[in-house]
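Just so you know, these numbers use all the heavy atoms, side chains as well, and skip hydrogens, waters and symmetry mates. Naming convention: chains lettered A, B, ... in sequence-line order (proteins, then strands); numbering from 1 in each chain.
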Amino acid sequence: MRIASWNVNSVKQRMPRLLPWLDQRQPDVVCLQETKLADGAFTELLGESLDARGYEVAVYGEARWNGVAILSRAGLDDVVTGIANGPGFPHPEARAIAATCGGIRVHSVYVPNGRIPDSDHYRYKLTWLAALRDVVGAGPEAVIVCGDLNIAPTDADVFDPLAYAGQTHVTPPERAALAELQALGLRDVVRDRWPGERVFTYWDYRAGMFHKDLGMRIDLALASAPVAGRVRAAWIDRHARKGTGPSDHAPVIVDLDEAPDGDIGPVVPPPSAPSVRPGTAKLPQSP
DNA sequence: ATGTCAGCACCCTGCTGA
């Protein structure tokens with residue numbers, strides 16, 4: 001079974017990329033984030049195309065911002081939208097949806113950005129992550145949390161730690177909140193498969209960041225042992241970030257063996273291996 | 001050099017969010 005996750009940055013704008021990508025990569029389960037579309041409009045826009053490709057669809061969207069979805073041709077049961085007892089900003093936002101697909105509890109999440117450390121939005125992010133941990137912890141043992149976590153787990157997950165000094169996505173409290181979630185027993189299956197490699201999922205549209213491979217790894221697939229033990233491959237589909245009209249995020253793709261074996265073997269912690277000399281590259285600044 | 005998108009309100013440029 002192939003599970004994929006992609007922050008599409010507007011599913012309406014990404015239609016010309018999304019449908020060919022589905023045909024090319026043939027994922028069985030797709031977690032989407034930043035659909036930026038109300039549920040009715042999503043169905044109107046994509047329902048027929050997805051049905052023709054054999055996907056059932058669960059959506060949780062808003063008219064303008066946020067929005068998550070799960071597409072599945074491996075079953076789509078017990079759909080839950082939102083995070084129980086989760087915070088809003090100030091109202092609940094469409095940032096999480098879960099369903100059971102092929103015996104696995106699949107969560108598609110779009111974690112709040114955080115904007116500026118110690119801001120209201122940053123505190124919202126941390127509270128939201130704690131609520132997510134509670135929901136995942138209370139759920140089935142076979143689980144995968146996919147999506148835009150808006151946290152780079154370690155300094156090896158950004159092109160230059162110094163470029164991000166003092167910014168959201170890399171602060172210790174955010175990484176601690178992610179570690180709390182992973183403490184449920186969730187493996188970062190892409191990092192497990194690419195220890196020490198330069199692996200990013202997001203590159204700012206500005207300043208030729210993708211061309212220079214100056215990115216971050218903030219889109220993750222976090223799997224419990226029964227799922228992580230079945231991972232045959234886990235990788236970033238960098239090709240989907242190229243060409244005309246891409247999202248600023250690339251998809252994460254995880255292939256699972258059909259037969260569980262429960263043993264993921266030795267796991268090597270990722271050494272920090274930046275190929276940009278620290279302090280030599282800068283982030284684009286907002287106008 | 002600053003470098004981009006997307007959505008929206010308001011009117012076609014400028015704001016917010018990322």
Side-chain angles (χ1 to χ4, degrees), chain A residues 5-19 21 31-42 44-46 59-69 87-96 108-126 128-129 146-152 157-160 163-171 174 178 200-220 236 238 240-252 276 280-287:
Chain A
S5 179
W6 195 5
N7 179 326
V8 291
N9 186 16
S10 173
V11 74
K12 189 191 289 181
Q13 295 304 317
R14 219 57 60 210
M15 281 283 282
R17 301 295 301 256
L18 176 61
L19 294 175
W21 176 82
C31 297
L32 298 176
Q33 300 88 35
E34 282 208 85
T35 56
K36 296 185 177 178
L37 213 51
D39 295 351
F42 188 107
E44 185 146 339
L45 179 73
L46 271 157
V59 291
Y60 181 37
E62 299 172 23
R64 271 165 261 181
W65 307 116
N66 310 312
V68 286
F89 194 75
H91 305 295
E93 298 181 306
R95 293 181 176 275
S108 176
V109 301
Y110 175 48
V111 174
N113 175 286
R115 298 179 188 171
I116 297 165
D118 297 322
S119 65
D120 286 347
H121 205 263
Y122 179 88
R123 285 183 282 276
Y124 167 51
K125 179 180 194 173
L126 297 178
W128 197 94
L129 283 161
C146 295
D148 179 358
L149 277 289
N150 267 323
I151 299 170
D157 297 304
V158 298
F159 71 85
D160 179 359
Y164 289 94
Q167 308 228 24
T168 186
H169 294 65
V170 301
T171 66
E174 291 167 273
L178 177 61
F200 300 137
T201 66
Y202 163 83
W203 301 260
D204 198 299
Y205 281 124
R206 294 170 288 181
M209 297 289 273
F210 178 71
H211 180 68
K212 293 182 265 188
D213 196 27
L214 303 180
M216 328 173 69
R217 194 173 69 92
I218 57 177
D219 301 85
L220 308 176
I236 308 305
R238 220 172 157 278
R241 180 65 176 78
K242 300 177 183 176
T244 306
S247 170
D248 43 0
H249 296 251
V252 179
V276 173
T280 58
K282 288 192 169 63
L283 291 177
Q285 297 301 308
S286 295

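- Regarding A/K12, its NZ atom lies at a distance of 11 Å from the C1' atom of B/dC8, rounded to whole Å.
- For the side-chain contact (heavy atoms from CB on, under 4.5 Å) criterion with A/N9, the lone passing option out of A/T35, A/D248, A/D148 is A/D248.
- Residue A/R206 places none of its side-chain N or O atoms closer than 4.0 Å to OP1 or OP2 of B/dT2.
- With rounding to whole Å, A/M209 atom CE is found 13 Å from B/dG3 atom P.
- Contacts of A/Y110 with the nucleic acid, taken as non-hydrogen atoms under 4.0 Å apart, involve only primed sugar atoms and P, OP1 or OP2.
- Between A/S247 and B/dC5, a side-chain N or O to OP1/OP2 separation shorter than 4.0 Å is absent.
- Checking A/K36, A/E93, A/R95 one by one against A/W65, the side-chain contact (heavy atoms from CB on, under 4.5 Å) holds for a single residue, A/K36.
- Taking for each of A/P246 and A/E34 the nucleotide of DNA chain B with the nearest heavy atom, the 5'-most of the two is the partner of A/P246.
- Atom P of B/dG3 sits at a distance of 15 Å from the matching atom of B/dC15, rounded to the whole Å.
- Taking atom CG on A/N9 and atom P on B/dT16, their separation rounds to 18 Å, with Å as the unit.
- The closest side-chain donor-acceptor pair between A/E34 and A/S10, if any, does not fall under 3.5 angstrom.
- Whole-Å rounding puts the A/Y205 OH to B/dG17 C1' distance at 13 Å.
- Taking the C1' atoms as reference points, B/dC10 lies 14 Å from B/dT16, given to the whole Å.
- Residue A/W65 places its side chain closer to B/dT16 than to any other of B/dT16, B/dC8, B/dA18.
- Each of B/dG3, B/dT4, B/dG7 was ranked by its minimum atom distance to the side chain of A/A207; first place goes to B/dG3.
- Rounded to whole Å, the distance from CZ on A/R14 to P on B/dG7 is 8 Å.
- B/dG7 and B/dC12: their C1' atoms are spaced 15 Å apart (whole Å).
- Between the C1' atom of B/dC8 and the CG atom of A/N66 lies a distance of 15 Å, rounded to the nearest Å.
- Mapped onto DNA chain B by nearest heavy atom, A/N150 and A/K36 fall at different nucleotides, with A/K36 at the one closer to the 5' end.
- Each of A/L220, A/N7, A/I236 was checked for a side-chain contact (heavy atoms from CB on, under 4.5 Å) with A/V252, and the lone residue meeting it is A/I236.
- The side chain of A/Q13 contributes no N or O atom lying less than 4.0 Å from OP1 or OP2 of B/dC5.
- A cation-pi arrangement is present between A/R241 and A/F210 under the rule of less than 6.0 angstrom and at most 45 degrees off the ring axis.
- Summarising the geometry, the separation between CG on A/D219 and P on B/dA18 is reported as 15 Å, rounded to the nearest angstrom.
- Ranking B/dG3, B/dT16, B/dA18 by closeness to the A/K212 side chain, first place goes to B/dG3.
- Protein atom CD of A/E93 is 17 Å distant from nucleotide atom P of B/dT16, rounded to whole Å.
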